[in-house]
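Read the structure below first, then the notes.
A, B, ... follow the sequence lines: proteins, then strands. Residue 1 opens every chain. Just so it is clear, the values below take in all heavy atoms, side chains as well, and ignore hydrogens, waters and symmetry mates.
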2 protein chains.
Amino acid sequence: MNIGEIARRAGVSRSTVSYALSGRRSVSPETKQRIQAVIDEIGYRPNAAARALKEGRTRTLGLVIPPASLRLTDMQLGFVASVVEAAARADLDVLLSPSGGDHDRSFERIVSGRRVDGVLLMEIRLEDERVGRLRQAGLPFVTIGHTADPHGTSWIDVDYAGLVARCVHHLADLGHRTIALLNRSPELLAAGYGPAHRAQAGFAEAVRQRGLSGIELPCADDPAAGEEWLEQLREHHPDVTAVTTVNEAAMPGLQRGIERLGVAVPGELSIAGVAARHWAEGFRPQLTAADVPALEMGSHAVELLLERIATPTHPHRHLLLAPPISLRDSTGPARPD
Amino acid sequence: MNIGEIARRAGVSRSTVSYALSGRRSVSPETKQRIQAVIDEIGYRPNAAARALKEGRTRTLGLVIPPASLRLTDMQLGFVASVVEAAARADLDVLLSPSGGDHDRSFERIVSGRRVDGVLLMEIRLEDERVGRLRQAGLPFVTIGHTADPHGTSWIDVDYAGLVARCVHHLADLGHRTIALLNRSPELLAAGYGPAHRAQAGFAEAVRQRGLSGIELPCADDPAAGEEWLEQLREHHPDVTAVTTVNEAAMPGLQRGIERLGVAVPGELSIAGVAARHWAEGFRPQLTAADVPALEMGSHAVELLLERIATPTHPHRHLLLAPPISLRDSTGPARPD
DNA sequence: TTGTATGCGTTATCAC
DNA sequence: GTGATAACGCATACAA
């Protein structure tokens, strides 16, 4: 069903139908109504490919996600969902591309085939060749997380350094003197993964400022590792009275360890961290945490990208989100010792 | 960069470039090489919209997901990732549409705008108007889960009834006489959600066959509800010695309850269920469970859809997956009583 | 207020 | 083995 058929049935020319739909020139009420009746009857919608070809834009955004082989974290998945929904609100579709980082066919297809008007790049690495590729293609893009050299790119990120520091300060205010950081995995740290590095940096700086004793211990992103982590902590660092965590995936294990070892929280051990709200509220006791706003991040990212698409010459913008820390039940005064 | 520019630089006609690329007619080795050189130099790729317009197909699949407001389960998310990857393997892109069920703009755009060659419909309800819409539009589709009347549709699903029944039989073989089913939420049951209903049916039938006492208790899809569920079970049904679960999201709460109440598993209580492997292996003790193969489901679904796209007249196919139950550490002989 | 004609970038048919 | 050209469906400049 195409516009010519609608025109024929309504007894007008194709351009009249087109204008009636776009409203870019006035069409008499009667003809407009006649056209609308035909459209409603046969359920016509403009062919997306023809429109994209003519207009030079696809009304589609590309979202580059990590490949399925790397299990996506809850936060990443929440972000994907929120991007799709934010795009839908703007009447845009989202094309997904699973890409490991090395140039892959799906990524190339989207970029050089002009399948999308702009790209959201998730899980960006400190050095990421896809950024160069997108820049070279002249395709607007926004990165989630930022590269080592964030100039000339628009990005949105979570201020892990600041949030971890705030957690440390909160714990220090409660009298804790020896604090551990439950960080992401050693592999991610080695690979130069931004959030893990910035958590480390923010922790180190805050610990220094407050003259505390800080112990940073990486942990693989899974429950079993979280449980093991707690065991190691209790055995090798019995003086630690508070923990700051940025590792959501390890939390079920942390929880299990707390139950199994009978650790009183916050009596014996205070815990504060960075986590999605439902993780924090699902923890027992409920976790004092900076609630990462995955849903808002999606809308913000889309908003930033739409801005770049509309005015590519616009100066780049950065959004470093630092949600407030929600005080819940997992932090309390340090034990008298 | 378009095909005309390539032709100009290579000193040939546009059709020759097109044929050199598609191989649909022979091109002399020299010209072919010259063309390839130009293409490599400037990184040309055919414009997707022009190609789609001309060929009448988009090389894109639509994936309809539940809206972000309903938090997607781990299994659903795994499925999305696996679909995207399976599609990428076939050089196809995936367009996401968040749709609640009532007709929404995103869904309509994809369907009537001919944005995709076929659609995968997730989280289908027993009565689902989107099926009618797709059929009317003449767009090939495959549903994940099946409708009340599954005739004339191709679908793929998990055999919850069969798997739950096998769990019950396994537990019965171990001497358990009173078994509880940890089902999905009352809301989902009320809404006619297939998996919850079929779990219920399979449970009831197996319990009947073995002459057991069966107690079906729904549970909201979250950790807190899982913990509460276990408390209620211990209080009101102290004679239950085994549990069958199909509620992944409640498992962290079940785990916490087990630790907190000091329930010995499998000494006091055996647990068998249906869960993704990483959930089963993350549980303590590791869970005897039918491992839902989310990754394979994605490839199978894509395969089924590609078949329908290729030959729409082909008879419909159904795939009811029943993965074997992996024996782990959470099931054992019934306590002597 | 409406109709005619053109071009977006491709593929495929026809002609050489 | 290669080139000219039509057509896919739409939006819009131009004409009336």
So, under a plain 3.5 Å distance rule, would you say the side chain of [X] forms a donor-acceptor pair with the base of [N]?
| X | N | result |
| --- | --- | --- |
| B/Lys54 | D/dA7 | yes |
| A/Arg25 | C/dG3 | yes |
| A/Ser15 | C/dT4 | yes |

Open item on the list: Please determine whether a side-chain nitrogen of the Lys or Arg among B/Arg105 and B/Glu108 lies less than 4.0 Å from a carboxylate oxygen of the Asp or Glu.
Closed with: no
Can you tell me how far [atom2] of [N] sits from [atom1] of [X], to the nearest Å?
| X | N | atom1 | atom2 | result |
| --- | --- | --- | --- | --- |
| A/Met1 | D/dC8 | CE | P | 14 Å |
| B/Tyr19 | C/dT11 | OH | P | 10 Å |
| B/Arg115 | D/dC10 | CZ | P | 14 Å |
| B/Leu53 | C/dT11 | CG | P | 11 Å |
| B/Asn47 | C/dC8 | CG | C1' | 8 Å |
| B/Arg24 | D/dG3 | CZ | P | 20 Å |
| A/Arg14 | D/dC8 | CZ | P | 10 Å |
| A/Leu21 | D/dC10 | CG | P | 10 Å |

Task: Residue pair B/Arg109, A/Asp91: steps toward the salt bridge (Lys or Arg N to Asp or Glu O under 4.0 Å) verdict - done: CA-CA 9 Å; B/Arg109 213 167 36 231; A/Asp91 280 331; 3.2 Å; yes
At under 4.0 Å, does any side-chain N or O of [X] touch on OP1 or OP2 of [N]?
| X | N | answer |
| --- | --- | --- |
| A/Thr31 | C/dT2 | yes |
| B/Ser18 | C/dT11 | yes |
| A/Ser13 | C/dT4 | no |
| A/Arg51 | D/dA11 | yes |

Open item on the list: Over all strands shown, is A/Ser28 touching base, sugar-phosphate only, or nothing at heavy-atom distances under 4.0 angstrom?
Closed with: sugar-phosphate
TODO: Look at all strands and tell whether A/Ser22 reaches a base, only sugar-phosphate, or nothing, counting heavy atoms closer than 4.0 Å.
DONE: nothing
Task: Test item: A/Ile6 and A/Ile42 side chains (from C-beta on) under 4.5 Å apart, heavy atoms - done: yes
TODO: Please figure out whether B/Gly4 or A/Val12 has its closest DNA chain C nucleotide nearer the 5' end.
DONE: A/Val12
Task: Which nucleotide in C/dT11, D/dC10, C/dT2 has an atom nearest any side-chain atom of B/Ile3 - done: C/dT11
Open item on the list: Return whichever of A/Tyr44 or B/Val27 has its heavy-atom-nearest nucleotide of DNA chain D closer to the 5' end.
Closed with: B/Val27
- [ ] Assess whether atom CD of A/Gln33 is packed by more than 12 heavy atoms of other residues, nucleotides or ligands within 6.0 Å.
- [x] no
Task: A/Glu187 versus A/Tyr193, side-chain donor and acceptor atoms under 3.5 Å - done: no
